[in-house]
There are 2 protein chains.
Amino acid sequence: MKFGNQPSYSLGQRSASTKEALAGEGGNVTLVSQSTLGEINRGRVLQALYDNGPKSRAELARLAGVNRTTITGIVQPMIEEGLLVEGDAVPSDFKGGKPARPIYFNPEAPMLGAVLLLPGRIQTCLVTLSGEIKALTKAEFDPHGDRDMFLTTIKDTLSVTLAQAHQAPFGIGIASGGMIDSDNGVILAVNLAPVLTGLPLVDILQKHFSLPVVIDHHPRALLVGDRWFGPGRGQRTFAAIYTGEVLGGAFYIDGRVYRGLAGSGGELGHTVVQIDGELCNCGKHGCWETVAALPWLRREAARQGMENPETVTCARLVKGAAEGSEAADGLLDRYTRNVAFGILNLQQTLSLNSYVLHGDIAGGGVDAAERVRQHVERLVRKRPNQEISITVNGIGEGHTALRGAAGLVLSSHLKLVI
Amino acid sequence: MKFGNQPSYSLGQRSASTKEALAGEGGNVTLVSQSTLGEINRGRVLQALYDNGPKSRAELARLAGVNRTTITGIVQPMIEEGLLVEGDAVPSDFKGGKPARPIYFNPEAPMLGAVLLLPGRIQTCLVTLSGEIKALTKAEFDPHGDRDMFLTTIKDTLSVTLAQAHQAPFGIGIASGGMIDSDNGVILAVNLAPVLTGLPLVDILQKHFSLPVVIDHHPRALLVGDRWFGPGRGQRTFAAIYTGEVLGGAFYIDGRVYRGLAGSGGELGHTVVQIDGELCNCGKHGCWETVAALPWLRREAARQGMENPETVTCARLVKGAAEGSEAADGLLDRYTRNVAFGILNLQQTLSLNSYVLHGDIAGGGVDAAERVRQHVERLVRKRPNQEISITVNGIGEGHTALRGAAGLVLSSHLKLVI
DNA sequence: AGCAGTTTGTTTGTACTTCGCACAAACTTA
DNA sequence: TAAGTTTGTGCGAAGTACAAACAAACTGCT
């Protein structure tokens, strides 16, 4: 399936990107041009719409403390090209005044494609500019199988989804498990799905679909999803933490997704929390993963003689504890404490204060999250005005990851810095 | 067309601060104004001069990929006000052309005041815009003594230094040990110097000297000093690590000093590396500090029956190992390995790749640094293009910290983002 | 010595974007 | 109906980078 001509929006393709212009290049100097200034401010107005919902031009100007004509100069071209749309007038309040016309994302605008790629499972969908998920399609693949067969599967699945878009999407975002080089669009390694190792997936899909494609690792997609329409919405600083067969994390720092070099930041599962601890599959001892991932939970459940230890999850422990099982309560406490150590280390390092849980630990709901938070509070060094928040994302992890994957396209295509 | 109701986040007013304008305020969206654009680019040209040394306007324009008149528009006002100065013409090369006149910081411009405040010791000095340290003055104070006496001492010491400036300095930067709230200019706690605990030092000195005053914690000043005229010069991402009686760190991420909320990032000494480890003076077990700070080294030296264990340092161990002492070599290896765990955790979390060592571990010179690097390399998860550099700062730690303290003033006063 | 070629720094006008002011449109209230 | 209030737009001012042209100051060759 090929998409030919794409809609032309004045925001255009990613060039010497806004992010780079803001940050400068290492050793070289990059100045910010007039046109980049316009891009920065366009992205910021778009983000304000996401964070605050539909708003009139006058209200946006007030919120940002700028001139009304500035806002009009920014949004009018986007209204004309169909990215934004003007809503029905809102009746004036008791003081009178002309009714305001809130502006928001146009439901008729092109959508974003999204792929969630986990060991053995593919999900694809379309995501509207207001975050609705459509045309969800699922497929399975053999994690140890043949690469060509995998590529056929992902292309077919994506084709089914994209066929339901009435216009060429802005692009395709991929959230993938494993170790990702997001700069070069390559899946470096997925221990649980060797078929993906070394796969230059971005290039392959860009060529096949003639659409821009971006990729990032799964926790980072969760983070973007949290930030866009989840608990991280409107926040300046927070982290997403994933626990499951492996552990991972992602950071939103000072209003930007932190990636590290080539997207390598956030490999929290292989930070050491017990120097002389158990051997980890990465080859060293005492990784956080050895005491806070599902394999550890299953081993401990078996050690305690619990029923069906191979199916133990945080959710099951919370349920058991609520039903009075002391074994479940005790194991849950140890598990949440072990999870807390990784979060504690993040807090002492980066002082993010706000953590959104995903994966198995999130399956334990607010009870598990509160236990983790209490463990962290007991351990962390106290400071004035330090309030640590640990929440679970109530939206559902698959949808969050897909939204996040789509959000990756937003970042690159619309200069919207999520 | 109707839009559904969406939650509204409170947004602040437009910020005049360049840093805030670039990043946006938590949940708030701040647009970048024309005048802020000018400030951003002025700061960037100044940083380019620091990173590259004296350069002609034409060369700066080439480095930045911008128009020559843009550079002139930026630097000419600074030349006129005496911040920058035009040097002697440089002879043209074999192709001819008008000789270029390099521009750099004016030696006759005002200086920066700097204070280094460690338990029991005060150092003050002036720092020129090109990083030279002048009028260095030292004093001592009783860490457990009377606050008024401490304030008298620091004011007198600073007065001696400032009396040697021919013009009012741009401001005073303070590098202080302990836990610092850099937003509010308060020293929150210094375990080794209780006289400083709770001291609103910025306010006190601003009132006394009628100069702008900024404060940050010691590792962050080291970082700024590294970035300005040390191994971090021109780098986009690196960390400074301090080992001594306590441990600390600071990060330069994506071209900016990372502070965390109220300056609380970088408390690496209290990350956990051994869940069931020794009790730390912060109240929990297994902090990195319990296995990598000088108290650990002294205890281990005593346990091994080394001579004068209370004076053991990394430098002494390196010397001992070079002279054939297997005990020194063995303890040095354990020490550098323990230090490596904290750096490893940083690398897995933030992927900074470049670490500058300070304090006791730096006293071991390149030998100690190389041992740490090898330990990290053995432990870290491999990725393509990942090269980990661990260096010591050869300039001297006191000078680096003082330069860094002065650099804090540069950041705030000249909108030069170090 | 004179000329062509090259490079630097400056002058002048254009382009991009935000700011400020004024006005018309569209309402509420007395 | 008139006064007051708010929204969105038109127009000119202000700030800053970009582009073209020119003069100054040099090198190398004939």
Student: Does a salt bridge link B:Glu39 with B:Arg42, judged by any charged N lying under 4.0 Å from a carboxylate O?
Tutor: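 So B:Glu39 does not pair with B:Arg42 through a salt bridge.
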
Student: With no angle test and no hydrogens, is the base of D:dG8 tied to the side chain of A:Arg68 by a donor-acceptor pair under 3.5 Å?
Tutor: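 Answer yes: a donor N or O sits under 3.5 Å from an acceptor.
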
Student: Between B:Pro169 and B:Leu211, which heavy-atom pair has the shortest distance, and what is it?
Tutor: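 Closest pair (atom of B:Pro169, atom of B:Leu211, distance): O-CD2, 3.5 Å.
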
Student: Between A:Tyr50 and A:Phe105, does the ring centre distance come in under 6.0 Å?
Tutor: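 So the answer is yes for these two rings.
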
Student: Distance check needed: D:dT9 C1' versus A:Ile71 CD1, whole Å only.
Tutor: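 Taking atom C1' of D:dT9 as the reference, CD1 of A:Ile71 is at 15 Å.
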
Student: Roughly how many Å is it from CZ in B:Arg57 to C1' in C:dG9, rounded to a whole number?
Tutor: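 Rounding to the nearest Å, CZ of B:Arg57 and C1' of C:dG9 are 6 Å apart.
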
Student: Expected output is a numbered-order residue list: members of residues 88-96 of chain B with a heavy atom under 4.0 Å from any atom of DNA chain C. What is it?
Tutor: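 Of all residues in residues 88-96 of chain B, the ones placing a heavy atom under 4.0 Å from DNA chain C are B:Lys95, B:Gly96.
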
Student: Please report the distance, rounded to the nearest Å, between CD in A:Glu86 and C1' in C:dA25.
Tutor: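 The distance from CD of A:Glu86 to C1' of C:dA25 comes to 13 Å, rounded to the nearest Å.
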
Student: Is it true that B:Asp226 and B:Arg220 make a salt bridge, defined as a side-chain N closer than 4.0 Å to a carboxylate O?
Tutor: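 No, B:Asp226 and B:Arg220 are not salt-bridged.
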
Student: Verify the distance criterion only: is there a donor paired with an acceptor across the side chains of B:Thr72 and B:Thr69 at less than 3.5 Å?
Tutor: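 The criterion, which ignores hydrogens and geometry beyond distance, is not satisfied for B:Thr69 and B:Thr72.
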
Student: Round to a whole Å and report the spacing from CD1 of B:Ile103 to C1' of C:dT10.
Tutor: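 My rounded result for the distance is 13 Å.
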
Student: Tell me whether the OP1 or OP2 atom of D:dA25 has a side-chain N or O from B:Arg101 closer than 4.0 Å.
Tutor: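 So the side chain of B:Arg101 is outside the cut-off, no N or O lying under 4.0 Å from OP1 or OP2 of D:dA25.
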
Student: Measure from the side chain of A:Pro99, starting at C-beta and using heavy atoms only, and say which of D:dC26, C:dT8, C:dC27 lies closest.
Tutor: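 The closest nucleotide is C:dC27.
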
Student: Could you tell me how far apart B:Lys98 (NZ) and D:dT27 (C1') are, to the nearest whole angstrom?
Tutor: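 Checked: the NZ to C1' distance equals 16 Å.
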
Student: In B/S/- notation, 5' to 3', how is nucleotides 12-20 of chain D contacted by protein heavy atoms closer than 4.0 Å?
Tutor: ---BBSBBB

Student: Charged N to carboxylate O below 4.0 Å: is that the case for A:Arg57 and A:Glu86?
Tutor: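 Yes.
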
Student: Could you check whether B:Asp51 pairs with B:Arg227 (Lys NZ or Arg NE/NH1/NH2 to Asp/Glu carboxylate O, under 4.0 Å)?
Tutor: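 Result for this pair is yes, salt bridge flagged.
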
Student: Taking for each residue the nucleotide of DNA chain C with the nearest heavy atom, is it A:Gly97 or B:Gln76 whose nucleotide lies nearer the 5' end?
Tutor: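 Between the two, 5'-proximity favours B:Gln76.
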
Student: Answer yes or no: is there an ion pair linking B:Arg259 with B:Asp183, defined by an N-O contact shorter than 4.0 Å?
Tutor: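 A salt bridge is absent here (no side-chain N lies under 4.0 Å from a carboxylate O).
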
Student: Which residues pass the salt bridge (charged side-chain N to carboxylate O under 4.0 Å, His left out) test with B:Glu108, not counting sequence neighbours?
Tutor: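 Result, salt bridge (charged side-chain N to carboxylate O under 4.0 Å, His left out) vs B:Glu108: none returned.
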
